[in-house]
Amino acid sequence: MSRELNFVGISGSLRKGSLNTMLLNAAAKLLPEGVHMTLVSIKDIPLYNGDLDLPETTERPEEVEIFRKALAKADALVLVSPEYNYSIPGVLKNAIDWASRGDDSPLLNKAVALMGATPGMWGTVRMQTAFHPVFQFLNMTPVQKPEVLLAKANTKFAEDGKLLDEFAAELIRKKLLALKDLCIKLQ
Ligand SMILES: Cc1cc2nc3c(=O)[nH]c(=O)nc-3n(C[C@H](O)[C@H](O)[C@H](O)COP(=O)(O)O)c2cc1C
């Protein structure tokens, strides 16, 4: 394939000093050749409300339409998220719920790479496991290996946001390359 692939990268944390946003930014610097990443924020997406989810009249809230259009342009998604209470943070799940509706859902059949960072010891493994049924329902194809579970992430970035853990950087490189290969296979 000669066309450059577009990965859309989303952080599941809204806070300024987010470890997960730092991990996403680090991933954006570790992309394979022939791939670029568009970073998309979910901070302005309203809470899901079925009364406002009116695809037939294209009257979903403007921020939701912008989000869905950005996802529609993605060859694959890169989700980088914290774990909240052993699960998916509400803000990210909410954005996914908005994007998941309708036969024209931009999530359907999409390739996805999921990663996470936490100051804790378990590297967001429970959040990543909580995503399995979501991917299944949307017929998405996750890159399973390698897993990127950045534990003790508060010790792994320099002040300027550089990822200091070379082992983790190599796993991210491999994961993004696997996502590219998967994209090409699925097309
Ligand atoms: C509501 C809430 C629940 C949390 N639950 C977990 C958890 O289940 N597992 C975990 O490893 N860390 C948990 N944490 C700690 C987060 O990993 C930590 O705040 C992390 O820095 C959040 O990601 P961010 O830096 O990208 O914002 C929780 C934090 C919050 C605010």
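Count residues from 1 along the sequence. Numbering of ligands and ligand atoms starts at 1, following listing order. Atoms considered below: every heavy atom in the structure, side chains included; atoms not considered: hydrogens, waters and symmetry mates. In this text the structure is predicted, and so the values were computed from the model without any measurement.
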Min heavy-atom dist Y86 to ligand 1 below 4.0 Å = yes
What is the closest protein heavy atom to [atom], and at what distance does it sit?
atom	answer
atom 2 (C) of ligand 1	Y84 CD1, 3.6 Å
atom 9 (N) of ligand 1	E83 OE2, 2.8 Å
atom 22 (C) of ligand 1	P82 CB, 3.8 Å
atom 11 (O) of ligand 1	T118 OG1, 2.8 Å

Under 4.5 Å between any side-chain heavy atoms of V8 and M37, yes or no?
-> no
Would you check if V125 and Y86 make a side-chain contact, meaning some heavy-atom pair closer than 4.5 Å?
-> no
Given the rule in the side chain to side chain donor-acceptor pair (under 3.5 Å) test, do N109 and N139 qualify, once you have shown the distances and angles that lead to the verdict?
-> CA-CA 5 Å; N109 309 315; N139 208 28; 2.6 Å; yes
Under-4.0 Å heavy-atom contact with ligand 1, by part of S18 that carries it | both
Give the contacting part of R15 toward ligand 1: side chain, backbone, both or neither, where contact means a heavy-atom distance below 4.0 Å.
-> side chain
Protein heavy-atom contact under 4.0 Å for atom 19 (O) of ligand 1?
-> no
Within a distance of under 4.0 Å, is there any protein heavy atom near atom 15 (C) of ligand 1?
-> no
Closer than 4.0 angstrom, basic N to acidic O: yes or no for [X] and [Y]?
X	Y	answer
D181	K185	no
D104	R68	yes
R3	D75	yes
R173	E166	yes

For S13, atoms of ligand 1 separated by under 4.0 Å from a heavy atom = 24 (P), 26 (O), 27 (O)
Going by the order shown, which atoms of ligand 1 are within less than 4.0 Å of some heavy atom of N20?
-> 23 (O), 24 (P), 26 (O)
More than 12 heavy atoms of other residues, nucleotides or ligands under 6.0 Å from CG of D160: is that the case?
-> yes
Please indicate whether any nitrogen or oxygen in L19 is less than 3.5 Å from any nitrogen or oxygen in ligand 1.
-> yes
With respect to atom 3 (C) of ligand 1, which of N85, L24, L14 exhibits the smallest heavy-atom separation?
-> N85
Contact summary for L14 and V91, nearest pair of heavy atoms = CD1-CG1, 3.9 Å
